[in-house]
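Data first, discussion second: the structure below is written as structure tokens.
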2 protein chains.
Amino acid sequence: MKTRDRILDTSLRLFNEEGEAHATTLDIAGELDISPGNLYYHFKGKDQIIAELFEQFQLALTQTLNAPVEQPLHEHKGHLEDNWYYLYVVLEELYQYRFLYHNLDDLMRRYPTLVRGFRRILAAKRAALKAIISSLFEHSQTTLSKVQMDALVENMTLQLTYWLSYDRLLHDQSDAQRCIHQGVLQLMTMIAPYLGEEQMDFYRECEFIFDGMMDASEQ
Amino acid sequence: MKTRDRILDTSLRLFNEEGEAHATTLDIAGELDISPGNLYYHFKGKDQIIAELFEQFQLALTQTLNAPVEQPLHEHKGHLEDNWYYLYVVLEELYQYRFLYHNLDDLMRRYPTLVRGFRRILAAKRAALKAIISSLFEHSQTTLSKVQMDALVENMTLQLTYWLSYDRLLHDQSDAQRCIHQGVLQLMTMIAPYLGEEQMDFYRECEFIFDGMMDASEQ
DNA sequence: GTCTATACTGTGATAGAC
DNA sequence: GTCTATCACAGTATAGAC
């Protein structure tokens with residue numbers, strides 16, 4: 001594996017584990033057993049490392065987020081299960097680059113270039129969630145005012161943006177599995193009241209499974 | 001006004017405006033036209049300033065958050081309007097110390113003492129929201145599973161924690177009025193599906209007012 | 001490509017005069 | 001209480017040898 005890529009990988013890991021602000025170029029070089037000078041041969045500076053990591057992130061995520069908008073052939077359109085797994089995938093991708101959201105304010109101040117990117121991602125999230133909700137609502141008699149629909153989408157977008165940070169605030173030792181599972185459940189709870197009976201059956205099932213998971217992990 | 005208090009005030013303002021990490025002791029001293037040495041006469045360091053600001057914040061907020069739990073005499077118990085204004089007050093208090101949440105991760109890493117405090121506040125938020133929801137649900141035929149109820153409370157707690165940061169991500173020039181108003185609307189949207197007809201009338205009214213407000217501010 | 005050594009910068013913090 | 005120095009340190013970045 002090329003040094004350049006190893007630097008990116010290690011940076012990502014350290015940023016996630018120790019926070020971007022706290023992980024210095026020296027730490028990264030040290031972790032890799034290379035000299036700081038070597039690191040600066042491959043990257044102009046920390047800025048560039050962050051920028052490239054963000055690029056990776058944005059590329060992977062927008063691709064995923066565009067899927068439901070482009071209406072792939074859903075055999076069971078409107079079925080909750082598909083969306084459940086889909087959100088799971090999205091949260092997993094967010095989790096890989098979670099450091100980006102842990103200190104969003106500072107990050108955007110120090111690297112103003114990223115702001116546009118974050119906004120684009122936000123828009124993609126909104127679109128994806130809207131597509132999911134619309135698809136689910138086709139099978140229930142739900143009608144929402146435009147304002148209410150927009151507010152629901154906005155709430156879910158916020159949730160999708162900050163869930164990982166919120167979870168970290170609660171449990172400092174992070175268990176990715178639990179965190180992501182619960183994140184999906186939380187998201188689904190927001191649409192639960194609008195679901196049809198058939199869909200609710202699956203929701204309750206997941207609720208139940210998750211509850212069991214929690215009991216198991218508490219021991 | 002005593003210098004000590006002026007330091008606290010100015011620090012709070014600068015932290016909110018420029019971010020805690022970016023506002024240095026020199027900036028604060030400069031803004032007040034006093035010397036750095038003078039600042040360090042009054043405070044051992046930045047840590048102490050942060051700690052005292054957090055203390056103020058925690059004191060004010062927990063007091064507010066305890067109110068609905070201690071069941072004050074509500075003439076119109078279960079009426080949406082009271083809760084609407086209550087949430088407005090809570091968000092206003094959060095807004096005053098918004099810098100605390102803008103870089104939560106870094107802040108907790110650098111001042112680990114604060115972690116317990118943040119968790120306490122989280123618990124208080126949960127309790128307050130639970131009390132509000134319960135009171136509102138008495139007047140509708142809603143019944144929720146325990147899991148669903150907890151998830152709803154958790155979602156609202158997250159929303160109450162990160163709304164201000166989220167809003168900032170969207171609109172960089174912050175308009176406190178709009179931000180707080182919309183925050184309350186977003187929170188209410190989460191319980192809207194469970195409300196009774198009578199309560200929904202008020203919700204729609206607020207929706208309408210807010211919509212008008214938005215149109216006006218867009219010009 | 002990789003290293004060592006070094007310079008530069010910003011920030012936190014202290015000492016001692018007034 | 002307030003000021004003027006001044007220190008100490010960590011983190012970023014560069015120069016030049018190998």
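Labels below follow one simple rule: chain letters A, B, ... track the order of the sequence lines, proteins then strands, and each chain is numbered from 1. Please read all numbers here as calculations on a predicted model, not as lab measurements. All heavy atoms count here, side chains included; hydrogens, waters and symmetry mates do not.
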(request) Quick one: closest heavy-atom pair of Met108(A) and Val115(A), and the distance? (result) CB-CG2, 3.9 Å
(request) Write down the distance between NE2 (His42(A)) and C1' (dA13(D)), rounded to a whole number of angstrom. (result) 16 Å
(request) In plain terms, say whether Asp105(A) and Arg109(A) are close enough for a salt bridge, that is, a side-chain N and a carboxylate O under 4.0 Å apart. (result) yes
(message) Can you confirm whether Glu93(A) is buried at CD, in the sense that more than 12 heavy atoms of other residues, nucleotides or ligands lie under 6.0 Å from that atom?
(response) yes
(request) To the nearest Å, give me how far apart CG (Asp5(B)) and P (dG1(D)) are. (result) 11 Å
(message) Tell me the interatomic distance from Asp33(A), atom CG, to dT2(C), atom P, rounded to whole angstroms.
(response) 13 Å
(request) Have a look at Lys125(B) and tell me which of Thr161(B), Thr157(B), Thr62(B) forms a side-chain hydrogen bond (donor to acceptor under 3.5 Å, both in side chains) with it. (result) Thr161(B)
(message) Could you check whether atom OH of Tyr85(B) has more than 12 heavy atoms from other residues, nucleotides or ligands sitting under 6.0 Å from it?
(response) no
(request) Nearest whole angstrom, please: distance from the C1' of dG1(C) to the CD1 of Ile7(A). (result) 11 Å
(request) Can you check each nucleotide of nucleotides 4-18 of chain C against protein heavy atoms at under 4.0 Å and return B for base, S for sugar-phosphate only, - for none, in 5' to 3' order? (result) B------SSBB----
(request) Using atom OH of Tyr41(A) as one end and atom C1' of dT12(D) as the other, report the distance to the nearest whole Å. (result) 20 Å
(message) Does this structure show an ion pair linking Asp150(A) with Lys146(A), if we count only N-O contacts that are shorter than 4.0 Å?
(response) yes
